[in-house]
**Student:** 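Quick one: structure below, then a few questions.
The chains referred to below are lettered A, B, ... by the order of the sequence lines, with proteins before strands, and numbering in each begins at 1.
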Amino acid sequence: MAKVLAVVEQRDGTLKRVSEEVVSAARKVADGIGGEVDALIIGAAGIGDAAKSLGTFGADRVIAVEAEALSSYNPEGYAEALAERAKAEDYFAVLFAATASGRDLAPRVAAKLDVPMASEATELEVEDGELLITRPVYTGKLFAEVTLEGSPRVVTLRQNVFRPEENPRQATVETVSADVDPTAWKVRVREVRAGSGETLDVAEAPVVVSGGRGLRGPENWGLLEDLAGALGSRCALGASRAVVDAGWRPHGEQVGQTGKTVSPQLYFAVAISGAIQHLAGMRTASTIVAINKDADAPIFKVADYGIVGDAFEVVPRLTEEIRKLKG
Amino acid sequence: MKTAICIKRVPDTEARIRVAGDGTSVDESGLKFVVSPYDEFAVEAALRLKDATGEGETVSISLGGSGAGEQLRATLAMGVDRAIRLDGEGSMDGLAVARALAAELKELGPDLVLCGMKAADDDQQQVGPMLAELLGMPCVTVVSSIEKEGDTLVCHREVEGGTEVVEVDLPAVVTVTKGEHEPRYPSLKGIMAAKKKPLEEKPAEGAESRVKVRRYSEPPPRPEGKVVGEGAEAVPELVRLLREEAKVL
Ligand SMILES: Cc1cc2nc3c(=O)[nH]c(=O)nc-3n(C[C@H](O)[C@H](O)[C@H](O)COP(=O)(O)OP(=O)(O)OC[C@H]3O[C@@H](n4cnc5c(N)ncnc54)[C@H](O)[C@@H]3O)c2cc1C
Ligand SMILES: Nc1ncnc2c1ncn2[C@@H]1O[C@H](COP(=O)(O)O)[C@@H](O)[C@H]1O
């Protein structure tokens with residue numbers, strides 16, 4: 001039977017939330033072809049149990065590749081282990097999340113399997129047994145609908161676009177060992193430097209508060225931090241390029257053409273003009289709120305809700321109202 | 001050290017992109033083309049590595065039609081030593097593109113291959129790691145800074161919530177994101193010198209794209225937004241709308 005392989009992710013032994021999105025999307029594709037879903041997780045011993053909950057989202061089976069050397073991400077070891085699993089069965093499609101590691105891994109696996117791939121899908125549909133993939137191109141100025149000639153079809157899914165949907169199964173967990181030889185690896189992670197503390201990365205957060213040059217300096221970012229704090233722990237900070245180029249915020253926070261592409265449920269653009277290269281990174285957000293003192297700023301053309309006003313007056317009030325609401 | 005930089009000709013990022021009449025391609029008439037922005041960062045990184053060690057050769061390579069010669073010249077004007085254009089058409093099939101580039105790179109035998117993290121037209125993020133697989137080289141993606149330490153490179157790689165410091169043995173493929181350094185503008189002298197630098201043209205190893213584009217479409221226009229009001233007084237109404245209408249709070 002044709003199956004769909006959902007490649008899921010863990011960080012420090014905990015399943016990443018995006019895994020639910022990938023499994024839910026895989027479930028839909030599997031239903032379209034009358035097949036089953038295998039969720040594949042790679043990590044240290046015991047990682048399979050962490051992924052068992054994916055049955056809730058439609059996984060029929062969890063395959064856990066467990067090896068001490070694979071407890072954290074390594075491109076060579078992971079690609080090798082994954083390509084081996086992808087070849088082990090007749091998979092119709094192999095789906096990854098378009099995370100830092102998913103983007104790194106999927107093209108290697110596709111090359112190892114000698115199949116074409118599609119990146120950053122925002123929609124998947126099975127029609128007459130074929131997988132139709134919709135993906136943004138030209139930084140979201142157009143959408144392309146493509147099919148892949150080759151099996152399995154390797155696809156990465158843009159984060160926060162495919163919603164997790166419950167579709168419960170009793171997932172079985174199968175543990176396989178991997179034959180890996182870390183001494184042969186040519187890429188070694190020396191160190192991981194955490195960014196701005198505990199906060200979520202802007203690319204994966206469902207709520208983003210971004211600031212632009214209109215905020216006048218890094219000393220004013222407390223304003224946005226307070227708003228983000230009021231919005232809760234699933235909120236991250238973003239920035240325009242003007243802000244990053246001025247050295248006010250790290251490049252990791254930049255949203256746009258030469259920064260990150262984000263698709264949160266809620267995006268606040270504070271004192272950002274809305275240049276086309278900025279829009280390229282955030283126009284697929286579900287709800288966009290703009291706060292800008294210039295009523296003609298282009299950001300208002302894409303914003304669902306806007307307030308024309310001074311950020312230094314509007315934002316503190318907004319923080320206060322949201323605190324009241326959540327308090 | 002010999003460094004190859006893979007560069008792609010893409011429409012200017014400011015340009016409005018229109019679907020052609022056939023629905024399966026892009027209308028290129030009137031478009032201005034540039035070196036894909038991340039590839040410019042890759043060129044800058046290559047030139048800095050060369051400046052730092054004071055030796056080595058830099059070669060830029062592009063798979064594309066005759067127009068791509070213009071972008072290769074632009075890299076020569078920035079300071080790249082020579083350029084190769086593989087005459088053919090790129091496609092959305094990253095593996096096919098990587099295969100054509102790999103055939104040439106095998107002959108060239110570089111110690112380091114630099115790519116942009118992604119091309120600004122197809123937005124795939126595929127070619128770099130695929131090239132690495134085809135060349136049997138290790139690969140580090142989304143790198144914002146590179147330093148050479150003997151036969152290894154130390155790369156800063158951007159990942160969710162931070163930076164990874166990664167060491168990779170040469171020869172290797174590295175894909176580059178925006179780093180600390182702005183790509184240099186070609187000087188007048190550079191532009192003059194570029195005219196005399198070698199730009200070789202060779203037929204590309206052709207492969208049919210296995211990514212089939214059924215159609216291009218414009219994104220549905222976002223529904224007309226509303227300006228809720230002016231100043232801080234508008235905030236309670238905004239919060240109400242976010243909660244009751246958009247249901248996001
Ligand atoms: C190749 C290329 C790639 C690029 N990539 C990116 C990218 O990835 N991301 C990106 O963001 N940009 C990118 N840019 C830059 C982009 O073109 C803009 O220059 C940039 O987005 C502007 O940032 P900004 O909106 O913060 O600043 P500005 O354009 O200076 O806008 C500031 C805004 O703040 C408003 N303002 C001022 N004071 C206040 C106040 N007190 N209260 C409220 N509002 C106020 C102003 O009305 C104005 O609209 C790129 C450009 C190029 C050429
Ligand atoms: N036609 C091409 N010619 C040369 N290099 C290319 C070509 N297409 C892609 N690349 C390289 O691969 C990178 C990633 O492209 P992509 O995988 O298409 O997003 C680009 O930034 C270039 O460095």
**Student:** With a 4.5 Å cut-off on side-chain heavy atoms, are B:E230 and A:V314 touching?
**Tutor:**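 With C-beta onward as the side chain, the pair stays apart.
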
**Student:** Taking the side chain as every heavy atom from C-beta outward, state whether B:M130 and A:R108 have any atom pair closer than 4.5 Å.
**Tutor:**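 Contact flag for B:M130/A:R108 side chains = no.
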
**Student:** Counting distance only, does the side-chain N/O of B:R222 pair as donor-acceptor with the main-chain N or O of A:R283 below 3.5 Å?
**Tutor:**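 Checking the backbone N and O of A:R283 against the side chain of B:R222, a donor-acceptor pair under 3.5 Å is found.
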
**Student:** Between B:D121 and A:V137, is there a side-chain heavy-atom distance shorter than 4.5 Å?
**Tutor:**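 Answer no - side chains too far apart.
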
**Student:** Identify which of B:I17, B:L95, B:D93, B:V19 forms the greatest number of heavy-atom pairs closer than 4.5 Å to chain A.
**Tutor:**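 Going by pairs under 4.5 Å, I would pick B:I17.
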
**Student:** Please look at B:R210 and chain A and tell me whether the side chain, the backbone, both or neither of the residue comes under 4.5 angstrom of a heavy atom of that chain.
**Tutor:**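 For B:R210, the contact with chain A is made by backbone and side chain together.
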
**Student:** I'd like to check B:E160 versus A:T99 (side-chain heavy atoms, cut-off strictly below 4.5 Å). Are they in contact?
**Tutor:**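 Contact flag for B:E160/A:T99 side chains = yes.
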
**Student:** Could you have a look at B:V168, B:V235, B:L241 and say which one has the most heavy-atom pairs with chain A under 4.5 angstrom?
**Tutor:**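 If we count pairs closer than 4.5 Å to chain A, B:V235 comes out on top.
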
**Student:** For residues 123-144 of chain B, pull every pair meeting side chain to side chain donor-acceptor pair (under 3.5 Å), keeping only residues two or more places apart or in separate chains.
**Tutor:**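 Applying side chain to side chain donor-acceptor pair (under 3.5 Å) to every pair that reaches into residues 123-144 of chain B, excluding sequence neighbours, yields A:D104-B:T141, A:K112-B:E133, A:S119-B:Q126, A:R135-B:Q124, B:Q124-B:Q126, B:T141-B:R157.
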
**Student:** Under a 4.5 Å cut-off applied to non-hydrogen side-chain atoms, are A:R188 and B:T152 in contact?
**Tutor:**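 In contact.
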
**Student:** So for A:I307, is it side chain, backbone, both, or neither that comes closer than 4.5 Å to the heavy atoms of chain B?
**Tutor:**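 Looking at A:I307, backbone and side chain both touch chain B.
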
**Student:** For the interface with chain B, which of A:A203, A:A111, A:A280 has the highest count of heavy-atom pairs at distances below 4.5 Å?
**Tutor:**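 The answer is A:A111.
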
**Student:** Kindly write out the residues that satisfy side-chain contact (heavy atoms from CB on, under 4.5 Å) with A:V189, not counting sequence neighbours, or none if the list is empty.
**Tutor:**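 For A:V189, the residues satisfying side-chain contact (heavy atoms from CB on, under 4.5 Å) (neighbours in sequence not counted) are A:V192, B:E164, B:V166.
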
**Student:** Using a 4.5 angstrom heavy-atom cutoff, name the option from A:M117, A:E76, A:K186 with the most pairs to chain B.
**Tutor:**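 Highest number of heavy-atom pairs under 4.5 Å: A:K186.
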
**Student:** Given a strict heavy-atom distance threshold of 4.5 Å, which part of B:V26 is in contact with chain A: side chain, backbone, both, or neither?
**Tutor:**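 It is the side chain, since no backbone atom gets that close.
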
**Student:** Chain B heavy atoms under 4.5 Å from A:V109: which part of the residue, side chain, backbone, both or neither?
**Tutor:**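 Neither part.
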
**Student:** Might you confirm whether atom CD of B:E147 has over 12 heavy atoms from other residues, nucleotides or ligands at distances under 6.0 Å?
**Tutor:**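 Open: at most 12 neighbouring heavy atoms sit under 6.0 Å from CD of B:E147.
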
**Student:** For B:Y38, is it the side chain, the backbone, both, or neither that has a heavy atom closer than 4.5 Å to a heavy atom of chain A?
**Tutor:**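 B:Y38 touches chain A through side-chain heavy atoms alone.
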
**Student:** Between atom OG1 of A:T258 and atom CE of B:M117, what is the distance when rounded to the nearest 0.5 Å?
**Tutor:**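 A:T258 atom OG1 to B:M117 atom CE measures 9.0 Å (nearest 0.5 Å).
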
**Student:** Identify, with sequence neighbours excluded, every residue that meets salt bridge (Lys or Arg N to Asp or Glu O under 4.0 Å) alongside B:K106.
**Tutor:**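 B:K106 satisfies salt bridge (Lys or Arg N to Asp or Glu O under 4.0 Å) with no other residue.
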
**Student:** Heavy-atom distance under 4.5 Å to chain A: side chain of B:V154, backbone, both or neither?
**Tutor:**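 Side chain of B:V154 only, per the 4.5 Å heavy-atom cut-off to chain A.
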
**Student:** With a 4.5 angstrom heavy-atom cut-off, could you sort out which part of A:Q277 is near chain B: side chain, backbone, both or neither?
**Tutor:**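 For A:Q277, side-chain heavy atoms alone lie under 4.5 Å from chain B.
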
**Student:** Is it the case that more than 12 heavy atoms not belonging to B:D151 sit under 6.0 Å from its CG atom?
**Tutor:**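 Open: at most 12 neighbouring heavy atoms sit under 6.0 Å from CG of B:D151.
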
**Student:** Between B:L238, B:D169, B:L131, which has the largest tally of heavy atom pairs under 4.5 Å with chain A?
**Tutor:**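 With the most close heavy-atom pairs to chain A, the winner is B:D169.
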
**Student:** Which bit of B:V248 comes within less than 4.5 Å of chain A, counting heavy atoms only: side chain, backbone, both or neither?
**Tutor:**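 Interface part for B:V248: both.
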
**Student:** Contact between A:P116 and B:M92 at the side-chain level, heavy atoms closer than 4.5 Å - yes or no?
**Tutor:**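 They are not in side-chain contact.
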
**Student:** Please rank A:V115, A:I291, A:T156 by heavy-atom pairs under 4.5 Å with chain B and give me the top one.
**Tutor:**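 Top count of heavy-atom pairs under 4.5 Å with chain B: A:V115.
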
**Student:** Under the side chain to side chain contact (heavy atoms under 4.5 Å, CB included) rule, what do B:R99 and A:D114 come out as? Steps first, then yes or no, please.
**Tutor:** CA-CA 11 Å; B:R99 192 157 280 135; A:D114 189 20; 3.3 Å; yes

**Student:** Chain A heavy atoms under 4.5 Å from B:P219: which part of the residue, side chain, backbone, both or neither?
**Tutor:**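 For B:P219, heavy atoms of backbone and side chain both lie under 4.5 Å from chain A.
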
**Student:** Is it the backbone or the side chain of A:A303 that comes under 4.5 Å from a heavy atom of chain B, or both, or neither?
**Tutor:**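 Answer is backbone: N, CA, C or O of A:A303 sit under 4.5 Å from chain B.
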
**Student:** Using the rule side chain to side chain donor-acceptor pair (under 3.5 Å), only one of B:E237, B:K226, B:E245 pairs with A:Y305; which is it?
**Tutor:**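 Of the listed residues B:E237, B:K226, B:E245, the side chain to side chain donor-acceptor pair (under 3.5 Å) partner of A:Y305 is B:E245.
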
**Student:** Relative to chain A, which of B:V10, B:T177, B:V127, B:L249 shows the most heavy atom pairs under 4.5 Å?
**Tutor:**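 So the answer, after comparing B:V10, B:T177, B:V127, B:L249, is B:L249.
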
**Student:** Counting only heavy atoms closer than 4.5 Å, note whether B:L134 contacts chain A via side chain, backbone, both or neither.
**Tutor:**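 Contact with chain A: none, neither part.
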
**Student:** Using heavy-atom distances under 4.5 Å, tell me whether A:D310 contacts chain B through its side chain, its backbone, both, or neither.
**Tutor:**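 When you check distances to chain B, no heavy atom of A:D310 falls under 4.5 Å.
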
**Student:** Counting only non-hydrogen atoms closer than 4.5 Å, does A:L132 touch chain B with its backbone (N, CA, C, O), its side chain (CB onward), both, or neither?
**Tutor:**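 Just its side chain gets close to chain B.
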
**Student:** Determine whether A:T134 and B:R215 satisfy the following criterion, side chain to side chain contact (heavy atoms under 4.5 Å, CB included), listing intermediate values before the conclusion.
**Tutor:** CA-CA 10 Å; A:T134 303; B:R215 64 188 188 106; over 6 Å; no

**Student:** Checking heavy atoms, do the side chain of B:A15, its backbone, both or neither come under 4.5 Å from chain A?
**Tutor:**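 Contact with chain A is through the backbone of B:A15 alone.
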
**Student:** Is any side-chain heavy atom of B:K178 closer than 4.5 Å to a side-chain heavy atom of A:V244?
**Tutor:**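 Yes, at least one pair of side-chain atoms sits under 4.5 Å.
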
**Student:** Give, as side chain, backbone, both or neither, the part of A:L231 having an atom under 4.5 angstrom from any heavy atom of chain B.
**Tutor:**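 Looking at A:L231, just its side chain touches chain B.
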
**Student:** Please state whether the side chain, the backbone, both or neither of B:C139 comes within less than 4.5 Å of a heavy atom of chain A.
**Tutor:**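 The answer is both parts of B:C139.
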
**Student:** For chain B, which candidate among A:P75, A:A285, A:A295 shows the most heavy-atom pairs at distances under 4.5 Å?
**Tutor:**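 If we count pairs closer than 4.5 Å to chain B, A:A285 comes out on top.
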
**Student:** Of all of A:R103, A:Q265, A:R11, A:E313, which one pairs up most often with chain B through heavy atoms under 4.5 Å apart?
**Tutor:**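 Counting heavy-atom pairs under 4.5 Å, the top option is A:R103.
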
**Student:** Counting heavy-atom pairs under 4.5 Å with chain B, which one of A:E320, A:Q257, A:E321 comes out on top?
**Tutor:**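 Result: the option with the highest number of such pairs is A:Q257.
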
**Student:** Which bit of B:T13 is near chain A, if near means a heavy-atom gap under 4.5 Å: side chain, backbone, both or neither?
**Tutor:**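 Both backbone and side chain of B:T13 come within 4.5 Å of chain A.
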
**Student:** Assess whether atom NZ of A:K326 is packed by more than 12 heavy atoms of other residues, nucleotides or ligands within 6.0 Å.
**Tutor:**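 More than 12 heavy atoms, drawn from other residues, nucleotides or ligands, come within 6.0 Å of this atom.
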
**Student:** Among B:A96, B:A132, B:P129, B:S217, which residue has the highest count of heavy-atom pairs closer than 4.5 Å to chain A?
**Tutor:**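 So the answer, after comparing B:A96, B:A132, B:P129, B:S217, is B:S217.
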
**Student:** Inspect the surroundings of CD in B:E208 and state if more than 12 heavy atoms from other residues, nucleotides or ligands are less than 6.0 Å away.
**Tutor:**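 No, not enclosed.
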
**Student:** Answer with side chain, backbone, both or neither: which region of B:P11 has an atom nearer than 4.5 Å to a non-hydrogen atom of chain A?
**Tutor:**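 For B:P11, the side chain is the part near chain A, not the backbone.
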
**Student:** Using non-hydrogen atoms and a limit below 4.5 Å, what part of residues 144-153 of chain A faces chain B?
**Tutor:**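 Checking residues 144-153 of chain A against chain B gives A:A144, A:E145, A:V146, A:T147, A:L148, A:E149.
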
**Student:** Using non-hydrogen atoms only, which part of A:L266 is less than 4.5 Å away from chain B: side chain, backbone, both, or neither?
**Tutor:**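 Just its side chain gets close to chain B.
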
**Student:** Compare all side-chain heavy atoms of A:V289 with those of B:L242 and state whether any distance is below 4.5 angstrom.
**Tutor:**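 A:V289 vs B:L242: side chains touch.
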
